[in-house]
There are 2 protein chains.
Amino acid sequence: MVLMSPQIGVRPGGRSARVQQAVHDAVRELLAERERDELTVPLIAARAGVTPSTVYRRWGQLPDLYADVAVERLRPDTSPADLGSLEAELDTWAVQYLEEMASGPGRRMIADVLAGGLDNPRRCLCSTYSGDQIQVMLDRAVARGDDVPDRDTVLDRVVAPIVYRILFTDPAPEPGYATRLVADLLAVSPAKAGPPPERADRR
Amino acid sequence: MVLMSPQIGVRPGGRSARVQQAVHDAVRELLAERERDELTVPLIAARAGVTPSTVYRRWGQLPDLYADVAVERLRPDTSPADLGSLEAELDTWAVQYLEEMASGPGRRMIADVLAGGLDNPRRCLCSTYSGDQIQVMLDRAVARGDDVPDRDTVLDRVVAPIVYRILFTDPAPEPGYATRLVADLLAVSPAKAGPPPERADRR
DNA sequence: CATCTTAAAGCGAAGCCTTTGCGTTTAGCG
DNA sequence: CGCTAAACGCAAAGGCTTCGCTTTAAGATG
């Protein structure tokens, strides 16, 4: 088994692109209509109209193919809305992020990306996507004249706890958890100093 | 494929326990001496002196077996040392935790646990183990009369960012990252209020 | 202590997945 | 327009995976 980095150096147009699109579509369709345990490479290949050996050569094992499809679906399609304040935007984004990731499909996508192995660079795209979204909001806040935390701090204080809870605890966190993380982060960041308010409702 | 929760309701003694021990040992031995891609269920079963069907019945797929073995190795074997102050203990523990988890074997163990699927309760043991270790340090600090954050806050502010960085960024974080997280957490927690010091070295 | 019950392991065969080599197609390029 | 090499289709060999049935032994019961 040789290490491969599919989709990195793939030819952009023509047959290769068509095959990739067809296989991705086949995976999404079959994941929607059948149990995950019933999917096999030959089944996906048949739906996509290619031979199994093509899939094996380009993606290797099934988990790698899932990881590729998952990253594709994880890419955000819209920029966060301009709501006038950083806290409102971060809160809205974090709540939506939590709800999407804590859902069944979201959890499976995260697991798929990680199941692809820690040696493939695809998993880094997840934090890049989130970081880029956060940067948009931070830039807007700076343009308003606010004093804001930096991008990595938001990743540490908001995104990381959400993902950690989704991956390693039961039950999955609720939307209020994201709101609390954002509030705690911004409570001491700029002007307002002081210890965070005591909370009795932490799980 | 039926959902199974191996090792949960396993009979504590006798043949079942012997088989489990033998299979676990076989996995560890083979992982140490051969490439991961070369391992197969029949190979592991032969080393353990059992038939492949036994492994398939109890653990299902290879990733599930890896997840089971990984959780076993993730269990901490010692309590954190008493160093006289919470910050010293948390810092020492967090640095060691980061180094272990960011290493090749540590990363693979985390990935293995998650690859076992998000429906199995085993993954929660990871946060339980960490939380228990943290609780020991917090209890000691409380006994000293300190005002300390609660267990979940430490998980959010220290453990979650470390794990998130290991899973989703390259390169892996360095030990100083753990130290910074602990310092930032304790900087505003008890008496000392105010914004965290500005840092130019955040990646 | 003897007997019973049942979960778990062994065994073997059938089926499907996975791999691999080779010929063919086709995209990218001078 | 022709060339080169990457990518795909095809087919066969090999090995993994599953499944029904049998056997074993741990734990319960009287």
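Naming: A, B, ... by sequence-line order, numbering from 1 per chain.
- In this entry the distance linking CG of A:L39 with P of C:dC17 reads 11 Å, nearest Å.
- In this structure, B:Q61 does not reach the C:dC17 phosphate: none of its side-chain N or O atoms is under 4.0 Å from OP1 or OP2.
- None of A:V158, A:V154, A:V95, A:V148 except one satisfies the side chain to side chain contact (heavy atoms under 4.5 Å, CB included) rule with A:L90; the exception is A:V154.
- Residue B:R28 places its CZ atom among more than 12 non-hydrogen atoms of other residues, nucleotides or ligands, all under 6.0 Å distant.
- Distance check: A:D150 CG to A:Q135 CD gives 8.5 Å after rounding to the nearest 0.5 Å.
- Scanning all heavy atoms of the two residues, the minimum distance from A:A67 to A:D112 falls at CB-O, 3.3 Å.
- Here D:dA7 presents its P atom at 15 Å from CZ of A:R18, a figure rounded to the nearest Å.
- In this structure, B:L43 atom CG and D:dC16 atom P are separated by 8 Å, rounded to whole Å.
- As rounded to whole Å, 18 Å separates atom P of D:dC16 from atom CG of A:L62.
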I'd like a list of close polar pairs between nucleotides 11-13 of chain C and the protein, N/O only, cut-off under 3.5 Å.
from	atom 1	to	atom 2	distance (Å)
C:dC11	N4	B:S53	OG	3.1
C:dC11	N4	B:R57	NH2	3.4

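- Between A:W59 atom CH2 and D:dA7 atom P there is a gap of 11 Å when expressed in whole angstrom units.
- Heavy atoms from other residues, nucleotides or ligands lying under 6.0 Å from CD of A:E33 number more than 12.
- Atom CD in A:E38 sits roughly 12 Å away from atom P in D:dT18 (whole-Å rounding).
- Going from atom CD of A:E87 over to atom OG1 of A:T179 covers 9.0 Å, rounded to the nearest 0.5 Å.
- Not one side-chain nitrogen or oxygen of B:R15 sits closer than 4.0 Å to the OP1 or OP2 atom of D:dT24.
- In this entry the distance linking CZ of A:R58 with P of C:dA27 reads 13 Å, nearest Å.
- For B:S16, the listed nucleotide lying nearest its side chain is C:dA8; candidates were D:dC16, D:dC8, C:dA8.
- For A:R36, the CZ atom sits in a packed shell: over 12 heavy atoms of surrounding residues, nucleotides or ligands are nearer than 6.0 Å.
- Atom pair A:I44:CD1 and C:dC17:P shows a separation of 11 Å (rounding to whole Å applied).
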